[in-house]
Amino acid sequence: MTKQNIIIGSDHGGYHLKETVKHWLEMNGFTVTDVGCDSSESVDYPVFACEVAQRVSRGEFPRGILICGTGIGMSMAANKYRGIRAALCNDLFCATHSRAHNDANILVMGGRILGSAYALAITKEFMNTKFDGGRHRKRVDQIMKAEEKWGKK
Ligand code: RB5
């Protein structure tokens with residue numbers, strides 16, 4: 001596993017899982033920037049999605065992690081940003097393929113769906129799996145071209 005700088009964020013629905021994932025990343029040699037939230041008090045998930053997505057989009061971090069209750073809102077918000085391929089992975093199969101086929105740069109998980117052990121397995125898989133390239137490169141490029149056509153932040 002290549003150790004990277006990772007940016008992580010959650011809302012209240014993902015707060016506890018974020019703390020667990022952050023701890024695991026730090027114990028495994030990653031440098032983690034946590035943009036919040038800082039408790040299980042109710043907050044708005046787009047605030048955290050936008051900060052993480054913007055900073056990955058600008059190249060400040062190679063990868064990010066976002067966690068809300070389901071992962072749905074976080075992925076919707078993060079995918080509004082240029083160059084972002086945020087993948088909602090609430091299972092291992094999707095984690096593997098989001099990297100191998102889609103070259104995802106943000107992992108999104110549902111804190112109200114996943115148990116900690118499985119979420120850590122997903123995180124590890126996401127961090128370990130390389131993009132396959134080849135025919136998948138062409139398809140990812142097609143997504144990125146669509147982004148140019150419509151314009152994003
Ligand atoms: C918050 O209640 C919940 O809506 C949020 O965590 C997330 O699941 C949104 O998609």
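What you are looking at is a predicted structure, and each value in this text was computed from that prediction instead of being measured. Counting convention: from 1, in listed order, for ligands and their atoms alike.
- When the heavy atoms of G73, A77, G13, S75 are ranked by distance to atom 10 (O) of ligand 1, first place goes to G73.
- Within the 4.0 Å heavy-atom criterion, the part of D11 lying near ligand 1 is the side chain and not the backbone.
- Side-chain contact between L25 and I65: present, with at least one pair of heavy atoms (C-beta onward) separated by less than 4.5 Å.
- Looking at heavy atoms from C-beta onward, F61 lies out of side-chain contact with I6 at the 4.5 angstrom threshold.
- Distance from atom 8 (O) of ligand 1 to its nearest protein heavy atom, with residue and atom name: T70 N, 3.0 Å.
- Tested against D132 for a side-chain contact (heavy atoms from CB on, under 4.5 Å), the candidates H101, R137, R99, H97 yield a single pass: H101.
- A heavy-atom separation below 4.0 Å is found between R112 and ligand 1.
- Using a 4.0 Å cut-off to heavy atoms of G69, the atoms of ligand 1 that qualify are 5 (C), 6 (O), 7 (C), 8 (O).
- If you number the atoms of ligand 1 from 1 as listed, the ones under 4.0 Å from a heavy atom of Y45 come out as 9 (C).
- Counting heavy atoms from C-beta outward, V35 and V52 have side chains that approach closer than 4.5 Å.
- Residues L66 and L107 are not in side-chain contact: their nearest non-hydrogen atoms beyond the backbone lie 4.5 Å or more apart.
- Crowding of Q142 atom CD: a count of heavy atoms from other residues, nucleotides or ligands under 6.0 Å exceeding 12.
- Ligand 1 does not have M74 within reach: every non-hydrogen atom of the residue lies 4.0 Å or more from it.
- Salt-bridge check for E19 with K22: passed, with a basic side-chain N closer than 4.0 Å to an acidic carboxylate O.
- Closer than 4.0 Å to atom 2 (O) of ligand 1 lies at least one heavy atom of the protein.
- For ligand 1, the atoms sitting less than 4.0 Å from at least one non-hydrogen atom of H12 are 1 (C), 2 (O), numbered in the order shown with element in parentheses.
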